[in-house]
Amino acid sequence: VRMLGAMVDTTQRRREEEWQKLLVAELQHRVRNLIGMVRSVARLSAPSHRHVDDYVDHLIGRLQAMGRTQSTLTRSPGRSVDLSELVSEELLVHAAQPHQYHVDGPAVALSPHAAEIVTLAIHELATNSIKYGALGDTGYIRIGWTTSQIDGKCWVSLRWQETAPPRKSKPTRKGFGRRLIEERVPYELEGKGSFELHDTGVLVQLEFPLSDAGSILETRS
């Protein structure tokens with residue numbers, strides 16, 4: 001009985017040691033990815049701002065948006081992020097009122113990496129909307145998404161459409177948000193991103209495949 005008990009204890013200890021090594025490896029991977037994201041955001045933010053104070057304010061906002069995603073992920077390690085919760089939280093952070101927007105779409109679980117990119121995109125759209133669009137005026141925003149099967153993969157198609165009073169002028173430079181949507185989404189998520197600026201508002205569409213790859217940080221049953 002003592003020998004059997006010792007064998008069980010040793011096996012359990014080895015399993016726990018192996019699990020701890022996997023957790024450390026996953027955390028290291030997550031930290032490296034996060035640092036890479038911060039570096040990328042800082043670099044992409046620089047050309048969009050002419051003054052240091054403006055750059056710092058916008059950079060802090062973007063880092064805070066990334067921090068909210070990390071907070072969601074660490075509440076339940078390795079879990080996916082609900083797209084509806086993500087969008088609603090970003091709008092709430094930007095003090096958007098219920099009569100200013102409508103959110104609609106099926107349940108979609110985003111991978112941690114997709115959640116980081118989409119959070120930044122929604123953050124930028126909401127920030128710009130406060131300054132130049134519907135959230136800063138008497139406009140309205142419709143945010144919706146659908147899912148479809150393409151080549152055996154589930155794709156998400158997300159649409160952000162603003163209706164606001166006509167703009168007096170259009171920006172002459174390509175800002176961080178537009179570059180993120182048109183360039184980083186296709187690169188990071190292997191999808192598509194379009195940004196159209198009309199007199200009455202912005203129309204943005206994001207399309208990307210869902211990744212169902214799990215994380216070893218997921219709690220075991």
Side-chain angles (χ1 to χ4, degrees), residues 41 44-45 48-49 54 57-69 71-72 80-110 114-148 155-186 188-189 191-208 210:
V41 168
L44 289 172
S45 296
S48 302
H49 307 289
D54 191 36
D57 288 342
H58 281 82
L59 181 58
I60 289 175
R62 288 156 189 162
L63 295 180
Q64 288 174 335
M66 293 172 61
R68 286 191 289 274
T69 302
S71 177
T72 300
S80 57
V81 177
D82 181 75
L83 178 55
S84 181
E85 290 182 8
L86 183 155
V87 172
S88 298
E89 182 173 357
E90 280 303 308
L91 291 172
L92 181 62
V93 167
H94 287 81
Q97 300 301 311
H99 67 273
Q100 293 179 299
Y101 66 88
H102 177 72
V103 178
D104 183 46
V108 169
L110 298 177
E116 290 170 346
I117 301 298
V118 175
T119 296
L120 274 177
I122 299 299
H123 169 79
E124 289 301 311
L125 290 170
T127 299
N128 289 335
S129 182
I130 291 174
K131 290 183 177 180
Y132 314 111
L135 294 183
D137 211 315
T138 56
Y140 195 75
I141 304 175
R142 292 186 180 276
I143 307 142
W145 57 89
T146 58
T147 58
S148 59
W155 279 63
V156 176
S157 178
L158 186 150
R159 181 185 181 96
W160 171 293
Q161 184 170 18
E162 293 190 35
T163 303
R167 290 170 174 257
K168 295 181 180 179
S169 62
K170 293 184 179 181
T172 57
R173 292 181 297 139
K174 195 173 185 178
F176 174 87
R178 186 165 187 170
R179 292 203 307 276
L180 175 72
I181 289 163
E182 294 182 337
E183 300 171 14
R184 302 308 295 181
V185 167
E188 298 283 353
L189 302 182
K192 304 174 185 177
S194 66
F195 186 107
E196 298 177 18
L197 183 59
H198 304 284
D199 291 337
T200 56
V202 172
L203 173 60
V204 169
Q205 296 190 86
L206 303 178
E207 298 178 58
F208 55 91
L210 284 177

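We're numbering straight along the sequence, starting at 1. Computed over heavy atoms, backbone and side chain alike; hydrogens, waters and symmetry mates excluded.
- Closest approach of Ala134 to Ile141, counting heavy atoms only: CB-CG1, 3.7 Å.
- To the nearest 0.5 Å, atoms CD (Glu90) and OG1 (Thr127) are separated by 8.0 Å.
- Put simply, CD on Gln161 and NE2 on His198 are 8.0 Å apart, with the number rounded to the nearest 0.5 Å.
- The distance from the CG atom of Leu180 to the CD atom of Glu188 is 9.0 Å, given to the nearest 0.5 Å.
- Counting heavy atoms from C-beta on, the side chains of Phe195 and Val185 never come closer than 4.5 Å.
- Counting heavy atoms from C-beta outward, Val202 and Tyr132 have side chains that stay 4.5 Å or more apart.
- Contact between Thr146 and Pro106 at its shortest, heavy atoms only, is CA-CD, 4.3 Å.
- For the pair Leu189/Leu206, no side-chain contact is recorded, criterion being any heavy-atom separation below 4.5 Å from C-beta on.
- A heavy-atom distance below 4.5 Å is not found between the side chains of Arg184 and Ile117.
- The nearest pair of heavy atoms linking Ala126 to Leu135 is O-CD1, 3.9 Å.
- Between Arg159 atom CZ and Gln205 atom CD the span is 4.5 Å, to the nearest 0.5 Å.
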Worked check of side chain to side chain contact (heavy atoms under 4.5 Å, CB included) between Ile143 and Leu91: CA-CA 11 Å; Ile143 307 142; Leu91 291 172; 3.7 Å; yes
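- To the nearest 0.5 angstrom, Leu203 atom CG is 12.0 Å from Trp160 atom CH2.
- Side chain of Asp82 to main chain of Ser84: a donor-acceptor pair is present (N/O by atom type, distance under 3.5 Å, no hydrogens or angles).
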Test log, rule side chain to side chain contact (heavy atoms under 4.5 Å, CB included), inputs His94 and His123: CA-CA 8 Å; His94 287 81; His123 169 79; 3.4 Å; yes
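- Here CG of Asp137 is found 10.0 Å from CD of Gln100. Values are rounded to the nearest 0.5 Å.
- Scanning both residues, Ser194 and Ile181, for their nearest heavy atoms gives O-CG2, 3.8 Å.
- The two atoms that bring Gln97 and Ala95 nearest to each other are NE2-O, 3.2 Å, heavy atoms only.
- The minimum heavy-atom distance between Gly133 and Glu162, with the atom names listed, is CA-OE1, 3.6 Å.
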